[in-house]
Amino acid sequence: DGQTGLATLDPTRLLPLSQLIRLSVYWLGLVAVFQGIGLIMQERIKDLVPDETVQYTTLGVVQMAGVAIAVLVQPTVGSISDYTISRFGRRKPFILIGTTLDLVFLIGIATSNSILVIAALVVLLQFSSTFAQGPFQGYVPDMVPAPQVGPGGRGGLTLAGVASGG
């Protein structure tokens, strides 16, 4: 993620383990949040929607809206970050904004008791998370040289995130 925002050659300098861990922990957090939200919503829907015949249909609609947002936002913002020129680099502004909004929407989800508000916040959380994820998926290849990318990296942390969240 060069300071000029211009495309650079593949990284060749090996990163210290501490930096690789920081990158992996961020990805772990993203995966764990959505695994956790899915489980939490399965329980909260019972209190928020008293009619048992529509509880899971309602949850399904909210989740489908989130998937639609992800399909549109993640590749779009990821592509925009490819061409962004910023003194902070190409990807970091998107990652920072998306992550900050994630925190706001998670607090809202935790403190709201209306299905409409929670549904809106879950969809907004999906938007903000994919706003960060698209550029982050480009950030890793920008930073991590090929010999350090492998099964213990993002794939391993994705599995750990799924396991920790559900």
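When all heavy atoms are compared, the tightest approach of L121 to G108 is CD1-C, 3.3 Å. Pairing each heavy atom of T57 with each of T53, the nearest pair is OG1-O, 4.2 Å. A pairwise comparison of heavy atoms in P141 and G138 identifies CD-O, 3.3 Å as the closest pair.
One N or O on the side chain of S128 and one on the backbone of L125 form a donor-acceptor pair closer than 3.5 Å. In terms of modelled atom types and a separation under 3.5 Å, the side chain of Q126 and the main chain of A70 share no donor-acceptor contact.
Judged as a side-chain hydrogen bond (donor to acceptor under 3.5 Å, both in side chains), the pairs with a partner in residues 66-78 (not counting sequence neighbours) are, in order, Q74-Q137. Note on residues 35-46: pairs passing salt bridge (charged side-chain N to carboxylate O under 4.0 Å, His left out), not counting sequence neighbours, are E43-K46.
Separating the CE atom in M64 from the CD1 atom in I69 is a distance of 12.5 Å, to the nearest 0.5 Å. In this structure, OG on S86 lies 12.0 Å from CZ on R91, to the nearest 0.5 angstrom. Atom CG in D102 sits 6.5 Å away from atom CZ in F34 (nearest 0.5 Å). To the nearest 0.5 angstrom, I40 atom CD1 is 13.0 Å from I45 atom CD1. Put simply, CG on L101 and OG on S129 are 10.5 Å apart, with the number rounded to the nearest 0.5 Å. If you take CD1 on I118 and CG on L48, they are separated by 4.5 Å, rounding to the nearest 0.5 Å.
Using a 4.5 Å cut-off between side-chain heavy atoms of Ile, Leu, Val, Met, Phe, Trp and Tyr, with links allowed through other members, I80 and L96 fall into different hydrophobic clusters. M143 and L30 fall within the same hydrophobic cluster, defined by Ile, Leu, Val, Met, Phe, Trp and Tyr side-chain heavy atoms under 4.5 Å apart, directly or through other members. Hydrophobic clustering places V117 together with V123 (ILVMFWY residues linked when any side-chain heavy atoms are closer than 4.5 Å, directly or through intermediates). Under a hydrophobic clustering in which Ile, Leu, Val, Met, Phe, Trp and Tyr are joined whenever their side-chain heavy atoms come within less than 4.5 Å, directly or via other members, L59 and V54 fall into the same cluster. Using a 4.5 Å cut-off between side-chain heavy atoms of Ile, Leu, Val, Met, Phe, Trp and Tyr, with links allowed through other members, V104 and V73 fall into the same hydrophobic cluster.
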- [ ] For side chain to side chain contact (heavy atoms under 4.5 Å, CB included), just list the numbers for L23 and F136, CA-CA rounded to whole Å, side-chain angles, deciding distance to a tenth of an Å, and then say yes or no.
- [x] CA-CA 9 Å; L23 289 170; F136 186 75; 3.9 Å; yes

Open item on the list: Between I37 and L106, is the side chain to side chain contact (heavy atoms under 4.5 Å, CB included) condition met? List the steps.
Closed with: CA-CA 9 Å; I37 287 291; L106 283 168; 3.8 Å; yes

Task: Verdict with supporting geometry, Y139 and V144, side chain to side chain contact (heavy atoms under 4.5 Å, CB included) - done: CA-CA 8 Å; Y139 186 67; V144 182; over 6 Å; no

TODO: For V77 and T130, run side chain to side chain contact (heavy atoms under 4.5 Å, CB included): C-alpha distance rounded to whole Å, both residues' side-chain angles, the deciding distance at 0.1 Å, then the answer.
DONE: CA-CA 8 Å; V77 177; T130 55; over 6 Å; no

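Counting only N and O atoms by type, the side chains of S81 and R90 include no donor and acceptor under 3.5 Å apart.
Using a 30° and 60° split on the angle between ring planes, F94 and F131 fall in the tilted class, from 30° to 60°.
Within the 4.5 Å cutoff, the side chain of T58 has heavy atoms near those of the I115 side chain.
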